[in-house]
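Below is one structure, written out as structure tokens, with a few remarks after it.
Values below: all heavy atoms of this structure, side chains included; hydrogens, waters and symmetry mates excluded. Computed from a predicted structure; not experimentally measured.
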Amino acid sequence: LEDFCITPLIGGLKCQGVSICSCEAAERYLLSRAGDSSAVSLRIIHSYDQWTTDHGLAVAVGTGLTMKHFIRALQFLEEAWETYTESGGDGHTLQGKSRSPKCSRGLGRFKPSFMGRALKYVRSH
């Protein structure tokens, strides 16, 4: 979840000489910095919006986690979970690292049915 200092990505940012002009470009850049990217999954949620008021005032804000952003993040987690379980994941480990039973927010604790119900609920409201 990043607003890139309340900056649109359309105009492009530069990071170590690399042009970052979209969330996908930012994701590619971060993956390139991760080394063995086969063990890394990420999704940039660009919490930024801009508009012009009826009186011509330009407004740019860091929006935080809006419903649109929440849905995009949840879809990513659902896809990651499906990929993980299809590759033989048991729901208690992720990328070979054990999940502690006391950790209730880790991806390893979610079940596909929970993800499906959450997406269904969000889309219906």
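Side-chain contact between R43 and Q75: absent, with no pair of heavy atoms (C-beta onward) separated by less than 4.5 Å. Looking only at side-chain heavy atoms (C-beta outward), L13 and T7 come within less than 4.5 Å of each other.
Residues that satisfy the side-chain contact (heavy atoms from CB on, under 4.5 Å) test with T53, not counting sequence neighbours, are W51, H55, L57, V59. With sequence neighbours excluded, the residues that form a side-chain contact (heavy atoms from CB on, under 4.5 Å) with L65 are L1, H69, F70. Scored by the side chain to side chain donor-acceptor pair (under 3.5 Å) test, Q50 finds Y48 as partners (sequence neighbours excluded). Under the rule for a side-chain contact (heavy atoms from CB on, under 4.5 Å), the partners of E24 that lie at least two apart in sequence or sit in another chain are S22, E27, R28, R72.
There is a path of hydrophobic side-chain contacts, each under 4.5 Å, that joins I20 to V40.
Within the structure, the ring pair (Phe, Tyr, Trp, His ring centres under 6.0 Å) test picks out the following pairs touching residues 3-30 (sequence neighbours left out): F4-H46. Pairs engaging residues 49-59 under the salt bridge (Lys or Arg N to Asp or Glu O under 4.0 Å) rule: none recorded [sequence neighbours left out].
Smallest separation of non-hydrogen atoms from A25 and S19: CB-O, 4.3 Å. Of all the heavy atoms in C23 and L9, the pair that sits closest is N-CD1, 3.6 Å.
Cluster partners of I10: none. The rule joins Ile, Leu, Val, Met, Phe, Trp and Tyr whenever side-chain heavy atoms lie under 4.5 Å apart, and it links nothing here.
With S32 contributing its side chain and L30 its backbone, the two residues share no donor-acceptor pair below 3.5 Å.
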Problem set entry | Stepwise side chain to side chain contact (heavy atoms under 4.5 Å, CB included) check, L42 with L31 | CA-CA 8 Å; L42 64 98; L31 284 172; 3.7 Å; yes
For this session: Kindly determine whether S47 and E2 satisfy side chain to side chain contact (heavy atoms under 4.5 Å, CB included), including the steps that lead there.
Result: CA-CA 6 Å; S47 56; E2 178 61 64; 5.6 Å; no
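Of the inter-residue distances, the one linking I45 atom CD1 with T66 atom OG1 reads 9.0 Å to the nearest 0.5 angstrom.
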